[in-house]
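Single-structure report; data block below.
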Amino acid sequence: MNYALEDKWGILYCPKGGIINRPQRRWERIERALQEQGIEYDKIQSESVGSVERLIKMMINNGYKTIVIVGGDSALNDAVNCLMQVEKKVRDEIAIGVIPNGMMNDFAHFWGFDEGEIEQTIAWLKQRRIRKIDLGCIRYKNRKNENCHRYFLNCVNVGLIAAIMNLRRQTRHFFGSRTLSFFFSFLLLIFQRMEYMMNIRIDTERIKRRVMTVCVGNASGYGQTPNAVPYNGLLDVSVVYHPEMTQLFEGIYLFLKGKFLNHRSVHPYRTRELTFEQAEHAMVGVDGRLMSGAPVGEFRITVEQEVINFLIPN
C-alpha cells in the first residue's frame, strides 16, 4: 500500500457535456477552493462514461482513503459499484464524497450539497464526517442467461419514468435547468408507451395488472419516493397505475411540487425485497440511466444495509 496517499484525496473529475457548460472554468473554481482549504489531492479526469470504474479501481489499488467524485448520479453509481467489488475490509477504509457536477445530482441534493456552493461543499468534505449508507441492488439475468447485478444509490425505475429519466438526461444537455428538462420530458410523453403488463410480488402482496411506472427508491428517487432514506435498511416503492389525462397533469404538478405520493394513482409500499415476475416491454433505469442489457425475465430488488462510507455535510 502507498501510505503517502492515505491523507490525500483522490479526485475523479467528470466534466459535464452540453453547449451551455464551462467545464474548465468550473474546475478552476474547484481547484481554488481546494487550495484555500489546504487540501492535498491528485486529480484524474474521466475521458468517457465507461472510464469511471476503471479509474476508481486504480485509485483503490493505489491506496487512496478519500475518493471524491466531481460528477453526478451516474458517476457516483459507477463508483459505488466498483467499491462493492472489493473486499469488505478494503471498502471499510475508504470514504466516498461528491462535488455535484452532473446532469443529474439528486443524491447530492438529498444530503444538501448544491452545485453552486463549491466552497461550502469542500469545507464539509474536509471535515470527513462519515455515514454508513445502504445500497439497493437489482439482480437479474441478461440476454446470455448470465446472472448479473447492479447496485444503486437513488432508485430503480421500471416503465414510463425510466424513459422520461432518459429523456431528462438528454434534454438537460440543451436546457441546463432541472425543471425545464423535466417539463419538456413530460411533453414527450405522447410518444411513449403509457402502460405495461406487470406481475410484482412485494412481501405477501401481489400486483398483477397494467401499470404505468414503478419506482423502487433507496433515497428520494427523483421525487417519486420522497420519504425514502438510504440508512434504514428499507426500500420505498411507488407503483403508479395509469391515470386519466387530467389526472396525469395533476400528477406532473404534484411531482414538481414534491407531493408525488398525494396523487390518487400512486400506491406506496415499504419493503426489504420485491420481485418483478413480469414487466412486459418496460424499460429499466438505474440511478437515472437506462440499463445496458436490460433484464430478461424475472428480476429481484433488495437492499444491503450500511455498506458504503459516504461523506456528509454538518
Side-chain angles (χ1 to χ4, degrees), residues 71-81 84 98 100 102-111 113 133-140 149-169 172 178 181-182 185-186 196 198 200 202 207 211-240 251 254-256 258-261 263 265-276 279 282-292 294-295 299-305 307-308 310:
D73 290 338
S74 293
L76 267 178
N77 179 279
D78 290 338
V80 298
N81 273 277
M84 291 301 289
V98 63
M103 290 297 159
M104 293 154 60
N105 301 296
D106 284 59
F107 196 72
H109 293 159
F110 172 85
W111 295 101
F113 294 114
I133 61 169
D134 305 342
L135 292 179
C137 184
I138 176 170
R139 301 179 186 278
Y140 63 98
H149 67 276
R150 185 81 185 170
Y151 292 97
F152 60 94
L153 288 155
N154 283 299
C155 65
V156 168
N157 285 299
V158 184
L160 184 63
I161 296 295
I164 292 173
M165 297 306 293
N166 188 49
L167 290 168
R168 178 193 174 188
R169 179 180 295 279
R172 185 78 185 267
R178 187 167 175 259
S181 65
F182 258 117
S185 298
F186 274 116
Y196 309 83
M198 296 194 191
I200 311 165
I202 305 174
I207 300 166
V211 171
M212 189 169 78
T213 191
V214 179
C215 179
V216 183
N218 180 56
S220 54
Y222 304 100
Q224 299 161 79
T225 53
N227 298 328
V229 294
Y231 43 76
N232 65 354
L234 295 168
L235 298 166
D236 279 22
V237 184
S238 293
V239 181
V240 184
L254 292 172
F255 180 76
L256 293 174
K259 299 179 179 178
F260 185 69
L261 297 182
H263 194 272
S265 295
V266 179
H267 301 266
Y269 302 85
R270 183 164 280 177
T271 185
R272 294 185 185 277
E273 177 179 330
L274 68 158
T275 301
F276 285 78
M283 291 184 176
V284 179
V286 176
D287 282 347
R289 181 169 59 189
L290 285 183
M291 291 184 68
S292 58
F299 57 94
R300 184 167 59 100
I301 302 176
T302 59
V303 63
E304 296 194 22
Q305 197 165 3
V307 288
I308 292 288
F310 192 75

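Quick note: numbers below take in every heavy atom, side chains included, and nothing from hydrogens, waters or symmetry partners.
The backbone N or O of N154 lies less than 3.5 Å from a partner atom in the side chain of D287, making a donor-acceptor pair. Formation of a donor-acceptor pair under 3.5 Å by the N218 side chain with backbone atoms of D134 is found in this model. The backbone N or O of G233 lies less than 3.5 Å from a partner atom in the side chain of R272, making a donor-acceptor pair. Under a 3.5 Å cut-off, the side chain of S220 and the backbone N or O of T225 do not form any donor-acceptor pair. Remark: the backbone N or O of G102 is paired with a side-chain donor or acceptor of N105 at under 3.5 angstrom.
In this structure, the salt bridge (Lys or Arg N to Asp or Glu O under 4.0 Å) partners of R139, at least two apart in sequence or on a different chain, are E304.
Closest approach of A108 and P100 over heavy atoms only: CB-CB, 3.9 Å. Here the closest non-hydrogen pair linking V158 and V156 is CG2-CG1, 4.0 Å.
Rounding to the nearest 0.5 Å gives a distance of 10.5 Å between OG1 of T271 and CD1 of I301. Distance CG/D236 to SG/C155: 11.5 Å, rounded to 0.5 Å. From C137, atom SG reaches atom CG of N81 across 8.0 Å, with rounding to the nearest 0.5 Å. To the nearest 0.5 Å, atoms CZ (F276) and CZ (R300) are separated by 13.5 Å. Rounding to the nearest 0.5 Å gives a distance of 9.0 Å between CG of L135 and CG of N77. Atom-to-atom distance recorded for D106:CG and W111:CH2 is 14.5 Å, nearest 0.5 angstrom.
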(request) Show your working on side chain to side chain contact (heavy atoms under 4.5 Å, CB included) between I138 and M291 and close with a plain yes or no. (result) CA-CA 11 Å; I138 176 170; M291 291 184 68; 4.1 Å; yes

(request) I would like to know whether N227 and R270 meet side chain to side chain contact (heavy atoms under 4.5 Å, CB included); could you show each step before the answer? (result) CA-CA 10 Å; N227 298 328; R270 183 164 280 177; 4.0 Å; yes

(request) Please test I308 against M84 for side chain to side chain contact (heavy atoms under 4.5 Å, CB included), starting from the C-alpha separation and ending with a verdict. (result) CA-CA 8 Å; I308 292 288; M84 291 301 289; 4.1 Å; yes

(request) Evaluate the side chain to side chain contact (heavy atoms under 4.5 Å, CB included) criterion for residues Q224 and N157: first the C-alpha distance (whole Å), next the side-chain angles of each, then the deciding distance (0.1 Å), finally the verdict. (result) CA-CA 10 Å; Q224 299 161 79; N157 285 299; 3.1 Å; yes

(message) For a side chain to side chain donor-acceptor pair (under 3.5 Å) check, start with the C-alpha distance between D73 and Y222, then their side-chain angles and the critical distance, and finish with the verdict.
(response) CA-CA 11 Å; D73 290 338; Y222 304 100; 2.9 Å; yes

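Between Y231 and F110, the angle of the ring planes lies from 30° to 60°, which puts this pair in the tilted group. Classification of the Y151-H149 ring pair by plane angle, with boundaries at 30° and 60°, yields perpendicular.
Checked against the 6.0 Å centroid criterion, the rings of F310 and F107 qualify as a close aromatic pair. Taking the six-membered ring for Trp and the full ring otherwise, H267 and Y269 have centroids separated by 6.0 Å or more.
Between V239 and M198, every side-chain heavy-atom pair lies at or beyond the 4.5 Å cut-off. No side-chain heavy atom of V284 sits under 4.5 Å from any side-chain heavy atom of L290. Inter-residue side-chain proximity for L153 and I133 is flagged as met; some heavy-atom pair is nearer than 4.5 Å.
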